[in-house]
Amino acid sequence: MNTHPEREINIEVPVMVRLEGEGALSFQASNGKVEQLHLRIYEPPRLFEEFLVGRNYTDVPTITARICGICPIAYQMTSILALEKLFDVEPGPWVYDMRRLLYCGEWLQSHALHIHLLAAPDFLGFDNAIDMAEDHPETVTRGMRLQALGNEILRLLGGRSVHPIGLKVGGFHKAPSVDAAQSLLKKCEAALDDVRQLVAWCAQLNLPEDQQQFTSVAIHNENEYAIMPGRLRSDAGLNIGFNQYADNFAEEQVPHSTAFYSRLNGHSYFLGPLARVNLNFSQLPGSVKAWAEAQGLKFPSADMFHNVVARAIECHYALEESIRILKAYQLPESPFVEVVPKAGVGEFCTEAPRGMIYHRYQVDASGSIRAATIIPPTSQNQLRIEENLKSSVERFGLNHTDDELRLFCEKIIRNYDPCISCSVHFLKLDVDRC
Amino acid sequence: MSAQPIANPYLPYEAEIVERIQETPDVFTWRLRFVDEQLHQQYEFQHGQFNMLYQFGVGEIPVSVKNREQNLLTHTIRVVGRVTKAMAELKAGHRIGIRGPYGRGWPIQDCTGKDVVFITAGLGCAPAISAIQHVAECRTCFGRLVIMQSVKHRSDMLWQKQYDEWRQLPNTQVLLAASREKTNWPNWERGRVSVLFEDAIYDKQNCTVMLCGPDGMMSGSARMLAELGVPEEHIYLSLERNMQCAIGHCGHCQFGSAFVCKDGPVFSYPEVKEVLGHRGF
Amino acid sequence: MKPRVAVHKFASCSGCQLAFINMGEDLITLTELVDIVHFPEAGPLGPEDAVDIAFIEGSVTTPEDVDRLKGIREHCGYLVTMGACATSGGIQALKNNADSDAWLKSVYAKPEYVESLSTSAAISRHVAVDFELWGCPVNVRQISWVVRQLLTGVEPVDANEKVCAECKRKNTVCVLVSKGEPCMGPVTRTGCGALCPSFGTACYACYGPAEGINTEALGQRFIGLGLQPAAIAQKFHMINNAADEFDSAGKSWAAKQEVSNEHSS
Amino acid sequence: MSRSGFLQYEKFNQLFSQLQSAGYGCVGPSVIDGAVQFGKISSVAQLPQGIELTVKPGSVRVAKGDHQRYFAWPNGAQGIKPWLYRSRELLWRAEQTEQGFVFNRPEVNAEPIAFIGARACDLAALQLQDLHFMYGDYPDPFYSAHRNALFIVGVNCSHTGNTCFCASTGDGPEIQSGFDLLLDELDDGFIVRFGSEKGLKIFEQLELTPVSAEGHVDAKAQIAEVIAAQERALLHENMHANIFSNLDDREWDSVAEKCLACGNCTMVCPTCFCHREVEVQALDGKSSQHIREWDSCFNQDHSYIHGITIRDETRLRYRQWMSHKLGSWRDQYDRTGCTGCGRCISWCPAAIDFVAEANLIAGDS
Ligand SMILES: Cc1cc2nc3c(=O)[nH]c(=O)nc-3n(C[C@H](O)[C@H](O)[C@H](O)COP(=O)(O)OP(=O)(O)OC[C@H]3O[C@@H](n4cnc5c(N)ncnc54)[C@H](O)[C@@H]3O)c2cc1C
Ligand code: SF4
Ligand code: SF4
Ligand code: SF4
């Protein structure tokens with residue numbers, strides 16, 4: 001087996017497994033130098049921003065959900081909030097809480113799925129979760145249980161977990177019954193043990209170490225662990241309102257790729273669970289913080305593989321937060337407020353499971369969409385992923401077999417849980433067969 | 001709260017396939033025995049009645065009771081769709097579900113001493129076979145036996161041998177027609193079943209005619225027979241409609257005012273004349 | 001030997017694949033009954049392996065898609081399309097009736113890099129499909145049903161009645177009658193459990209056209225509720241815009257808008 | 001006429017508490033999602049007091065009225081049907097064993113239910129469903145169990161809807177029989193009567209006062225007003241013969257142009273009984289459930305036999321619905337299948353007027 005570091009290395013992984021959506025890895029090196037290392041995203045373009053033009057604003061959440069079946073709430077919610085901002089709509093505390101609850105459901109299902117079914121096989125040495133299930137049935141079923149619970153939270157308010165139908169600009173179509181909320185509360189309480197075990201389990205996982213230099217970006221909210229409203233902050237001093245997004249973040253096409261790369265003031269940046277925990281750890285409820293600290297976890301962390309631990313902590317948080325909201329559940333006077341459209345521009349950001357997402361809509365006086373911009377987290381993370389790949393591979397050393405190198409790269413990519421389905425912006429690349 | 005076991009008329013009984021006979025590439029016959037021996041002994045039917053047969057995990061369909069031979073219940077089934085395809089895969093020893101018999105059969109009892117005429121068309125004449133067999137077995141109980149059958153192609157004819165045997169019986173006439181056949185064959189006419197009417201010899205005033213086949217053929221034949229002088233109330237026909245429950249509850253088999261499952265499947269012509277052959281019924 | 005199953009993805013949001021992953025305990029039962037040989041999102045990779053059943057998510061939008069799809073068809077016994085994208089072209093088929101070159105330009109600075117067919121097509125436009133599962137997304141019940149029926153050895157069947165029937169069975173109040181909401185239930189295929197009306201809102205036809213529908217009559221009813229023809233056209237040109245009945249209904253209502261615009265101008 | 005008594009509004013909740021202590025779960029009307037719907041309720045507080053229900057073809061609206069009555073509205077979104085003939089019922093289950101599969105029948109758990117607020121049209125329909133499901137050669141065990149556990153509190157209608165036509169079918173608005181208790185609502189309470197042994201037992205527990213003479217007069221008068229106010233009438237003389245001699249009428253085509261073939265009319269009709277049986281096999285293949293669910297003659301599979309759909313056009317399906325309801329029902333059950341409740345008109349999303357269509361096609365001109 002050739003492990004000479006100066007050999008010609010040419011690794012092409014046409015379909016990366018255990019990713020949400022389909023992406024490819026392309027890695028070339030020669031003379032001991034990495035020449036190219038890309039996460040190729042070849043989901044064909046689906047032109048969602050154009051579909052929205054000419055549609056009534058009421059259709060927007062229905063259409064944007066279809067951008068991504070893995071985290072439809074992120075798309076629905078961000079579009080709804082952007083439009084409400086524009087229309088000066090304030091749906092009040094009941095709707096606010098229910099939206100947080102719904103978002104917690106999405107975090108829980110998405111994180112639980114990623115940790116157990118997509119990432120864990122990497123750390124335990126299996127090809128996939130189906131194979132892993134034989135040796136670690138408990139781990140796999142715990143993942144399924146938590147994911148199912150997340151889905152159930154989504155169903156309470158959304159009707160179904162994929163492309164929920166319960167949300168609208170102004171609030172919700174229907175308030176769940178007190179009975180339904182109570183029975184979900186019981187299930188959430190029963191799952192507390194699972195999430196705590198999950199954090200402990202992640203903390204003791206034999207994770208590779210991967211110290212990186214990066215800028216974490218996340219929403220920050222003075223009053224709570226941020227999911228929706230707040231300001232965009234970074235650990236490098238960024239502190240702006242959502243309406244300043246375009247002044248600081250730019251998308252560009254780079255020479256070696258036709259995919260969009262987002263930069264924050266010219267540099268790469270990092271979004272997602274670890275970025276959030278790094279920036280907002282102190283705002284987690286005491287029980288969540290204490291449990292994490294009891295496992296010996298410390299934040300902020302510059303170790304990229306702590307992303308999986310951060311995900312587990314967010315599962316714990318999502319569940320505690322759901323319990324808090326469900327315990328206080330009461331039927332509202334009305335689950336929504338009336339909306340009167342007006343012309344203008346509305347922008348908003350929220351924290352999708354994979355990181356911050358940005359939506360901007362221009363609407364005319366009749367409520368018809370004139371223009372839309374949607375920037376999903378994965379396209380914002382792409383540059384960071386590739387930088388991470390390069391530096392880590394150099395540190396790992398090219399004196400490994402192709403297979404080892406490939407697996408190493410895949411692990412690093414998967415650790416970001418990139419979601420390629422949100423293909424609004426992604427382009428097909430011509431495969432470089434050098 | 002009262003939890004009481006009440007008789008459940010929807011519930012089938014387990015039965016075992018004792019023997020399976022492949023009649024043609026898409027027709028097979030089952031010989032069956034109820035798992036419950038007492039039930040097996042008690043089971044009685046009239047010619048023209050049907051059972052609901054159940055295929056595990058797939059569904060239930062109505063099928064005419066063909067016979068009881070060597071104390072086994074026989075059904076002959078043509079493979080047309082989901083349930084029948086799945087049934088075709090079963091082998092001797094496998095189980096199915098049966099409930100029945102249901103409906104009103106042919107008026108065989110009333111035919112004693114009279115001429116009996118069977119007119120069937122197409123492949124689906126299963127409901128008539130058992131009645132023909134019955135009349136054929138007791139040639140002296142009835143008057144003349146006339147069997148007229150039409151198919152598209154001569155080769156579609158199931159049980160050609162059986163018809164040849166019937167042809168040998170005393171006081172019996174077997175007339176066959178093939179509507180799409182290009183050449184002449186001995187014993188075969190070319191055309192629809194009505195081309196046979198002229199050659200059939202029977203007492204039009206003292207006969208019972210039993211029809212089985214597509215609706216159009218039955219309504220046309222019944223009209224012609226009436227014109228030829230057969231009293232309408234002596235003409236009977238067997239209908240086929242979608243059936244889910246077979247006990248007059250589900251409403252699918254309605255044919256004008258009739259429920260085919262319980263008022264039929266065998267009707268006298270006057271009972272259904274109003275809508276027979278009318279599109280949409 | 002256990003039957004072999006593959007799950008393939010074309011242009012889509014990945015939401016229908018989740019119908020497998022969201023099976024919960026049944027997923028374990030499923031892996032006992034069949035070998036999942038290709039399902040990249042979950043791990044197994046074997047795009048060219050011969051399989052008994054191939055599930056396809058997503059629509060055909062690039063020239064490579066067409067070749068890949070033909071390969072899948074050659075290597076599978078029974079091909080099931082899963083969801084609106086695969087079955088009718090999905091929401092992205094909205095580009096079929098538009099100037100998609102201009103659209104590409106408006107989204108991408110360098111559209112010449114984008115290799116894409118100008119249409120989004122249902123799988124059945126390119127290869128023979130054995131069974132279609134409608135819905136955006138399909139649900140766990142539908143997937144389990146197909147797998148089970150195929151394992152039992154029978155063709156699956158799918159109810160093709162309208163959403164209304166299930167709406168009534170669930171004792172849901174009709175939103176069209178009680179609120180004047182323009183509900184698409186009367187032309188939409190059942191399968192979702194009449195979800196939207198049970199949340200008090202109008203069905204938006206994500207399960208595609210039902211059997212024997214009357215799109216003209218429903219549109220006329222919407223006119224009576226105060227909708228403009230263009231808004232009615234958009235109701236048909238939504239998730240399943242490229243399904244034949246919805247495609248032509250949408251076009252016919254769009255044309256009516258033009259006529260009414262001419263009259264008013 | 002049986003004994004009667006007056007139950008004041010303040011004592012109305014006694015009806016609930018007495019029924020509950022007799023072991024009945026109460027089912028009654030409430031305003032849910034913008035319509036009057038029957039559901040499990042526990043007290044008078046949940047009743048639709050003081051509302052106004054405006055019903056038109058294809059339109060139902062609930063608003064606040066200027067009165068305090070509980071039953072001042074024509075009828076609910078569904079009759080008694082869904083409580084006895086359930087929209088979905090497990091008929092049996094087959095389970096694999098070593099020897100082959102065996103059948104298991106489900107237990108029928110019939111919870112005693114008191115249905116509060118049944119109208120004349122509902123009770124007439126109940127009689128028809130009883131005939132269909134209980135009094136044939138094969139009594140339906142599920143329907144029968146629920147039916148036998150049913151207690152009926154009827155209410156004579158004091159308000160008519162624009163779609164009601166029970167006076168013309170002879171089924172209402174006054175209830176003649178079939179109730180356990182019967183209420184006439186007046187401005188401050190109810191005239192209560194009993195119609196059965198079961199009813200008498202509850203009747204005797206209520207704190208009733210004698211009914212005033214005016215009370216009886218008012219009750220009669222409001223029924224007469226309802227009859228006078230009904231805007232629709234089914235011309236049902238010769239309906240049967242006329243429909244069957246007009247099977248090729250052009251009007252079937254005109255109505256089919258409007259009809260969505262959605263089946264809402266059949267689903268809300270209190271007498272429609274069509275259902276299909278479906279098989280739901282467990283994923284592991286070890287068991288299978290045999291379930292019946294409401295079906296409609298507007299569905300394609302209703303008239304399917306291998307390879308053909310007998311009623312492949314909406315025109316034929318609409319004709320089946322009307323010719324059965326108003327025509328062949330006569331032969332099957334000695335009367336039409338229509339009790340004048342008007343639900344098929346109110347709840348038709350296409351706003352098709354069943355009575356107008358029937359009169360057009362088959363009314364004697
Ligand atoms: C009274 C009666 C007696 C019959 N006797 C025989 C017989 O002896 N031998 C025989 O081979 N066939 C007989 N049939 C026809 C047989 O019932 C159908 O061929 C069978 O139901 C087709 O089922 P499938 O699932 O294979 O077909 P599909 O076309 O897949 O049909 C799907 C479903 O539709 C219904 N259906 C379809 N066709 C019919 C039909 N013709 N009648 C009633 N329901 C139908 C059933 O519920 C069936 O499961 C008889 C039918 C009736 C009504
Ligand atoms: S709400 Fe919609 S789906 Fe339900 S019955 Fe009314 S029209 Fe049909
Ligand atoms: S009601 Fe309509 S839009 Fe809603 S989930 Fe069902 S099919 Fe989709
Ligand atoms: S009459 Fe009305 S309710 Fe009935 S099927 Fe036609 S459109 Fe639907």
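Below, chains carry the letters A, B, ... as their sequence lines are ordered, and counting in each starts from 1.
To the nearest 0.5 Å, atom SG of residue Cys196(C) and atom NZ of residue Lys174(A) are 12.0 Å apart. From Lys235(C), atom NZ reaches atom CG of Asp59(A) across 6.5 Å, with rounding to the nearest 0.5 Å. For the atom pair CD1 of Ile21(C) and CD1 of Ile70(A), the computed distance is 7.0 Å after rounding to the nearest 0.5 Å. One finds the CG atom of Leu195(C) at 4.0 Å from the CD1 atom of Ile165(A) (value rounded to the nearest 0.5 Å). Thr31(C) OG1 to Glu134(A) CD: the interatomic distance, rounded to the nearest 0.5 Å, is 8.5 Å. Asn128(A) contributes atom CG, which lies 10.5 Å from atom CZ of Phe39(C) (distance to the nearest 0.5 angstrom).
No donor-acceptor distance shorter than 3.5 angstrom exists from the side chain of Gln17(C) to the backbone of Gly69(A), with no hydrogens or angles considered. Arg66(A) places no side-chain N or O within 3.5 Å of a backbone atom of Ile239(C) that could act as its donor or acceptor partner.
Most heavy-atom pairs under 4.5 Å with chain C, from the set Thr141(A), Ile63(A), Asp131(A): that is Ile63(A).
Nearest heavy-atom pair, Ile91(C) versus Phe48(A), reported as atom, atom and distance to 0.1 Å: CG2-CZ, 3.7 Å. Scanning all heavy atoms of the two residues, the minimum distance from Pro137(C) to His163(A) falls at CD-CD2, 3.8 Å. Scanning all heavy atoms of the two residues, the minimum distance from Met238(C) to Arg55(A) falls at SD-NH1, 3.4 Å. Across every non-hydrogen atom of Arg160(A) and Tyr207(C), the tightest pair is NH1-CE1, 4.1 Å.
Side-chain contact check for Val162(A) versus Asn22(C): some heavy-atom pair is nearer than 4.5 Å.
Using a 4.5 Å cut-off between heavy atoms, Asn56(A) touches chain C through its backbone atoms (N, CA, C, O) alone. Heavy-atom distances place no part of Arg145(A) under 4.5 Å from chain C, backbone and side chain included.
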